[in-house]
Protein chains: 2
Amino acid sequence: MEALAEYFKVFSEPNRLAVLDALREGSLNVTAVVERTGLSQALVSKHLKLLTIAGVVQRRPEGSLVFYEVSDRAVFRLISQAEKLLLATRRQQLDALAASL
Amino acid sequence: MEALAEYFKVFSEPNRLAVLDALREGSLNVTAVVERTGLSQALVSKHLKLLTIAGVVQRRPEGSLVFYEVSDRAVFRLISQAEKLLLATRRQQLDALAASL
DNA sequence: ACCTGGTATCATGATGTCGTTATGCAATTG
DNA sequence: CAATTGCATAACGACATCATGATACCAGGT
C-alpha cells in the first residue's frame with residue numbers, strides 16, 4: 001500500500017505528466033524535453049531523475065547527451081485509463097448535480 | 001493535465017488507499033471504516049471527504065449514520081493495473097541491476 | 001588546457017499535505 | 001430536555017514537495 005501510493009504519486013504532478021507526455025513518441029535528450037515542455041532545465045532534470053528512480057523512465061547517456069525513454073509503454077495505458085475514469089466520474093457528478101435541482 | 005494529476009493525487013496516499021480498500025466489499029459507515037482501517041475517526045472523515053469531492057466515493061446519510069461507497073468500481077481496476085505495472089517495473093529494475101554486476 | 005553546451009545538483013523560500021487534539025453539531029435515545 | 005453516539009471541522013505543528021537561481025560537473029571541440 002505504501003509502495004503503491006508512492007507509485008501513484010509519481011503521476012500526481014502536472015509537470016511530471018507533461019514530461020512523460022513529451023516522451024510518448026520515443027527517446028529524447030534533456031534539452032529536447034525542455035523544449036517540448038517549456039519547463040526550466042533544472043526542473044526537467046529533477047523530474048526526470050524522479051521518474052528514473054521510480055523506474056518509469058530509463059536513462060541512457062550517449063556522448064555528451066543524456067537520453068531518456070519510458071521503460072514500459074504500459075504506463076500510457078495506465079494514464080489513459082485514469083483519464084477515462086476521471087471523465088466518467090465528472091459526468092456522474094454532473095448528473096448527480098442536475099438530478100438534485 | 002492539471003486535472004489528471006489531481007486525480008492521481010487522490011490515490012497517492014497510503015491511508016487513502018486503505019480507506020478505499022475497506023470499501024471494496026460495499027457500503028460502509030464512517031465508524032466501520034475506522035474499525036477496518038485502524039485510523040483515527042478524524043482522519044477517516046477527512047479522507048472520505050477528499051474522496052467524495054474527487055467523486056471517487058459517494059456519501060449517503062442514513063439516519064444518524066453516514067454511509068460511503070465507491071461510485072465506480074472501475075477505480076479498483078485502475079488500482080490493480082497500477083499494482084501490476086509497479087511489479088513489472090520492480091522486476092525490470094532488478095533485472096537491470098543484476099545485468100550490471 | 002580552455003571553452004562551451006548539455007546535464008545535474010544545491011540552497012532556499014513558498015506552499016501544500018498529513019495527522020492529532022479538541023471541539024462542534026446533528027440525530028437518536030433515555 | 002439531557003445525555004450519548006456518530007460524524008465533521010478547526011487549529012496547529014511537523015514535514016514534504018515544488019520551482020527558481022546559482023553553481024558544479026563533464027564531455028567534446030578548438
Side-chain angles (χ1 to χ4, degrees), chain A residues 1-23 26-71 100, chain B residues 1-23 26-71 100:
Chain A
M1 200 124 286
E2 274 291 292
L4 185 58
E6 288 265 318
Y7 191 63
F8 272 117
K9 197 178 291 186
V10 170
F11 305 101
S12 72
E13 223 282 324
N15 290 337
R16 219 134 53 214
L17 289 180
V19 167
L20 226 37
D21 202 59
L23 293 175
S27 186
L28 293 180
N29 71 340
V30 178
T31 305
V33 174
V34 168
E35 283 163 357
R36 299 196 186 203
T37 58
L39 303 175
S40 78
Q41 186 268 317
L43 192 51
V44 168
S45 246
K46 260 169 91 174
H47 283 309
L48 283 172
K49 181 174 190 180
L50 245 180
L51 288 166
T52 304
I53 290 173
V56 173
V57 138
Q58 278 190 345
R59 193 183 120 106
R60 179 167 44 86
E62 191 153 320
S64 70
L65 306 185
V66 179
F67 286 86
Y68 286 88
E69 75 182 311
V70 167
S71 23
S100 74
Chain B
M1 200 122 289
E2 273 291 295
L4 185 57
E6 289 263 318
Y7 191 64
F8 272 117
K9 196 177 292 185
V10 171
F11 305 101
S12 73
E13 222 283 323
N15 290 335
R16 220 138 49 215
L17 288 180
V19 167
L20 227 36
D21 203 58
L23 294 175
S27 186
L28 293 180
N29 71 340
V30 178
T31 306
V33 174
V34 168
E35 284 163 358
R36 299 198 184 204
T37 58
L39 303 174
S40 78
Q41 185 268 315
L43 192 52
V44 168
S45 247
K46 259 168 92 172
H47 283 309
L48 283 173
K49 180 172 191 183
L50 245 180
L51 289 167
T52 304
I53 291 173
V56 173
V57 137
Q58 278 189 346
R59 193 183 120 104
R60 179 167 44 86
E62 190 153 320
S64 71
L65 305 183
V66 180
F67 287 86
Y68 285 88
E69 74 182 316
V70 166
S71 25
S100 76

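Order of the sequence lines sets the chain letters (A, B, ...), proteins ahead of strands, with each chain counted from 1.
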Where the side chain of [X] is concerned, which of [options] is the nearest nucleotide?
X	options	value
Ser40(B)	dT20(C), dT20(D), dA19(D)	dT20(C)
Glu13(B)	dC7(D), dG19(C), dG21(D)	dG19(C)
Val30(B)	dT7(C), dA19(D), dA8(D)	dA8(D)
Thr31(B)	dG6(D), dG6(C), dA19(D)	dG6(D)

N/O (side chain, [X]) to phosphate O (OP1/OP2, [N]) under 4.0 Å:
X	N	value
Lys9(A)	dT17(D)	yes
Tyr68(B)	dA8(D)	yes
Lys49(B)	dT9(D)	yes

[N] [atom2] sits how many Å from [X] [atom1], rounded?
X	N	atom1	atom2	value
Arg60(B)	dG6(D)	CZ	C1'	16 Å
Glu62(B)	dC7(D)	CD	P	12 Å
Lys46(B)	dA22(C)	NZ	P	15 Å
Gln41(A)	dG5(C)	CD	C1'	11 Å
Leu43(A)	dT9(C)	CG	C1'	13 Å

Report yes if some heavy atom in the side chain of Leu48(A) is under 4.5 Å from a heavy atom in the side chain of Leu23(A); otherwise report no. yes
Any base atoms under 4.0 Å from Phe67(A), or only sugar-phosphate, or nothing? Heavy atoms, all strands. nothing
Would you classify Ser45(A) as touching base, sugar-phosphate or nothing, given that sugar-phosphate means primed atoms plus P, OP1 and OP2, and contacts are heavy atoms under 4.0 Å? base
